*Asks:* 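What follows is a single structure, and I will ask about it in a moment.
Since this is a predicted model, take the numbers as computed values, not measurements.
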Amino acid sequence: MNDPYWVRWSHWTDQGMVEHGQMPRKKMQENLQRFEVEAKKLLAETGADHVLYGRKLYDEGGELEELRFYLMPMTDEEFEKEVVPLKSQQVYAVHKMK
């Protein structure tokens with residue numbers, strides 16, 4: 001059984017998973033905010049439509065299974081194809097104002 005005070009996490013790039021581990025649940029928001037800051041910089045630098053920076057994956061019972069971190073610039077088309085169809089997840093991304 002998963003420890004309710006810890007959550008599995010992983011960091012993904014376009015090369016696949018680059019690191020993983022566990023963190024206290026109380027550190028999740030702090031880490032998401034850190035990635036959000038970097039995602040906003042990347043959005044400005046690349047001119048992308050979206051930058052995906054996190055996903056919380058949930059099991060069938062609604063329990064958090066894993067927190068994934070990214071810094072992936074995406075076009076509208078990529079976001080629609082890769083992110084919009086996802087189920088049982090909470091997605092964290094920044095978006096270009098249009």
*Asks:* Could you check whether Glu38 pairs with Arg34 (Lys NZ or Arg NE/NH1/NH2 to Asp/Glu carboxylate O, under 4.0 Å)?
*Replies:*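 Result for this pair is no, no salt bridge flagged.
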*Asks:* Within this structure, what is the CG-CZ distance for the pair Asp49 and Phe79, rounded to the nearest 0.5 Å?
*Replies:*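 These two atoms lie 10.0 Å from each other.
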*Asks:* Quick one: salt bridge (charged side-chain N to carboxylate O under 4.0 Å, His left out) partners of Glu80, sequence neighbours excluded?
*Replies:*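 Checked Glu80 against salt bridge (charged side-chain N to carboxylate O under 4.0 Å, His left out); zero matches.
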*Asks:* If you take all heavy atoms of Pro73 and Leu71, which pair is closest and at what distance?
*Replies:*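 In terms of heavy atoms, the two residues are closest at CD-O, 3.4 Å.
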*Asks:* Answer yes if Leu43 and Phe69 sit in the same cluster of Ile, Leu, Val, Met, Phe, Trp and Tyr residues linked by side chain heavy atoms under 4.5 Å apart, and no otherwise.
*Replies:* yes
*Asks:* As a test of understanding, state which of Gln90, Arg8, Arg68 forms a side-chain contact (heavy atoms from CB on, under 4.5 Å) with Leu57.
*Replies:*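 When side-chain contact (heavy atoms from CB on, under 4.5 Å) is applied between Leu57 and each of Gln90, Arg8, Arg68, only Arg68 qualifies.
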*Asks:* Compare every heavy atom of Gln89 with every heavy atom of Tyr58, then report the nearest pair and how far apart it is.
*Replies:* CD1-CA, 4.2 Å
*Asks:* Quick one: pull up CG in Leu67 and CD in Gln29 and give me the separation to the nearest 0.5 Å.
*Replies:*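 Those atoms lie 9.5 Å apart.
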*Asks:* Pro24 pairs by side-chain contact (heavy atoms from CB on, under 4.5 Å) with which of Lys27, Met28, Gln22?
*Replies:*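 The option that passes is Lys27.
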*Asks:* In the single-linkage hydrophobic clustering (I, L, V, M, F, W, Y; side-chain heavy atoms under 4.5 Å), do Val94 and Leu32 co-cluster?
*Replies:*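 Cluster IDs for Val94 and Leu32 match.
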*Asks:* Return yes when atom NE2 of His95 has more than 12 non-hydrogen atoms of other residues, nucleotides or ligands closer than 6.0 Å, and no otherwise.
*Replies:* yes
*Asks:* Same cluster or not: Val91 versus Leu42, using hydrophobic residues (I, L, V, M, F, W, Y) connected whenever any side-chain heavy atoms lie under 4.5 Å apart?
*Replies:*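 Hydrophobic grouping puts Val91 apart from Leu42.
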*Asks:* Name the orientation class of the two ring planes belonging to Tyr53 and Tyr92 (parallel below 30°, tilted from 30 to 60°, perpendicular beyond 60°).
*Replies:* tilted
*Asks:* To the nearest 0.5 Å, what is the distance between CD (Glu82) and CG (Leu52)?
*Replies:*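 Between atom CD of Glu82 and atom CG of Leu52 there are 10.0 Å.
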*Asks:* Any chance you could measure His50, atom NE2, to Met72, atom CE, to the nearest 0.5 Å?
*Replies:*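 CE of Met72 is found 14.5 Å from NE2 of His50.
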*Asks:* Take Tyr70 and Val51, measure what side chain to side chain contact (heavy atoms under 4.5 Å, CB included) needs, and give me the verdict at the end.
*Replies:* CA-CA 8 Å; Tyr70 306 86; Val51 176; over 6 Å; no
*Asks:* At their closest point, which heavy atom of Ala48 faces which heavy atom of Lys96, and how far apart are they?
*Replies:*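 Closest approach of Ala48 to Lys96, heavy atoms only: O-CE, 3.2 Å.
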*Asks:* For the residue pair Arg25 and Leu64, establish whether any side-chain heavy-atom pair is separated by less than 4.5 Å.
*Replies:* yes
*Asks:* Once you round to the nearest 0.5 Å, how far does CH2 of Trp12 lie from CD of Glu19?
*Replies:* 12.5 Å
*Asks:* Once you round to the nearest 0.5 Å, how far does CH2 of Trp9 lie from NE2 of His20?
*Replies:*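 Atom-to-atom, Trp9:CH2 and His20:NE2 are 8.0 Å apart.
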*Asks:* Side-chain heavy atoms under 4.5 angstrom apart, residues restricted to Ile, Leu, Val, Met, Phe, Trp, Tyr: same cluster for Val83 and Met17?
*Replies:* yes
